[in-house]
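Input: a single structure, listed below in structure tokens.
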Amino acid sequence: MPFYRQYGSKSLKAVEHLVLFLIAIATIVAIGQEIVHIISVRMVMLADLLLLFIYLEVLAMVASYFESGKLPVRMPLYIAIVALARYLILDMKSMDDWRIVAISASTLVLAATVIVIRWGQLKMPYPKNQEYDN
């Protein structure tokens, strides 16, 4: 067990940071590709803006994880809400009514989840001096 504590944990942390760095680089490349696309077509569409917003949220999530070592649960929920909104906006004309209702309901469930999590953080915060990561 001491071997794992000494080397295993450090190795896993190193791999974790490497993958986070790769995610950040890939996201920056994707942002660059989207900007090049916008410039090449000389038009900014709502779908482009929403995609850039998703990329921005991914970068913010990676930065937050690098800084604190913890991933706020709300950030992936925000990304999912924007992704569903983008999907709905782009493909609404080709969707049947039930798919639109399902995507809208999914978005509402995610939004309600964010509200419940935020309410829980305000009404039942973790004690400041207690460590929950062990």
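None of the values given here were measured: they were computed from a predicted structure.
The 12-atom threshold is exceeded at CG of Asp96, counting heavy atoms of other residues, nucleotides or ligands nearer than 6.0 Å. No more than 12 heavy atoms of other residues, nucleotides or ligands sit less than 6.0 Å from atom CE of Met43.
Between Ile54 and Glu57, every side-chain heavy-atom pair lies at or beyond the 4.5 Å cut-off. Residues Met124 and Trp119 have side chains in contact (heavy-atom distance under 4.5 Å, counting atoms from C-beta outward). Side-chain contact check for Ile38 versus Leu52: some heavy-atom pair is nearer than 4.5 Å. The shortest side-chain heavy-atom distance between Val62 and Phe66 falls under the 4.5 Å cut-off. Side chains of Glu16 and Tyr65 form a contact here, defined as non-hydrogen atoms less than 4.5 Å apart. Using a 4.5 Å heavy-atom cutoff, the side chains of Val29 and Gln33 are in contact. Taking 4.5 Å as the limit, every side-chain heavy atom of Leu90 sits out of range of all side-chain heavy atoms of Leu46. Between Ile117 and Leu77, some side-chain heavy-atom pair lies under the 4.5 Å cut-off.
Between the CD1 atom in Ile23 and the CG atom in Leu18 there is a gap of 10.0 Å [rounded to 0.5 Å]. The line from NE2 of His37 to CG of Leu51 is 9.5 Å long, rounded to the nearest 0.5 Å. In this structure, CD on Glu34 lies 9.0 Å from CG on Leu49, to the nearest 0.5 angstrom.
Checked options Ile103, Leu108, Ile79, Ile89; the residue passing with Leu84 is Ile103 (criterion: side-chain contact (heavy atoms from CB on, under 4.5 Å)).
Between the side chain of Asp91 and the backbone N or O of Leu88 there is no donor-acceptor pair closer than 3.5 Å. A distance-only check finds no donor-acceptor pair linking the side chain of Ser64 to the backbone of Met61 [under 3.5 Å]. Side chain of Arg86 to backbone of Ala47: a donor-acceptor contact under 3.5 angstrom is found. Between the side chain of His17 and the main chain of Lys13, a donor-acceptor pair closer than 3.5 Å is present.
With sequence neighbours left out, the side-chain hydrogen bond (donor to acceptor under 3.5 Å, both in side chains) criterion links Tyr55 to no other residue.
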message: What verdict does the side-chain contact (heavy atoms from CB on, under 4.5 Å) test give for Thr113 and Val73, after you've listed the backbone C-alpha separation in whole Å, the side-chain angles of each residue and the deciding distance to 0.1 Å?
response: CA-CA 10 Å; Thr113 303; Val73 175; over 6 Å; no
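Hydrophobic clustering keeps Met92 apart from Val82 (ILVMFWY residues linked when any side-chain heavy atoms are closer than 4.5 Å, directly or through intermediates).
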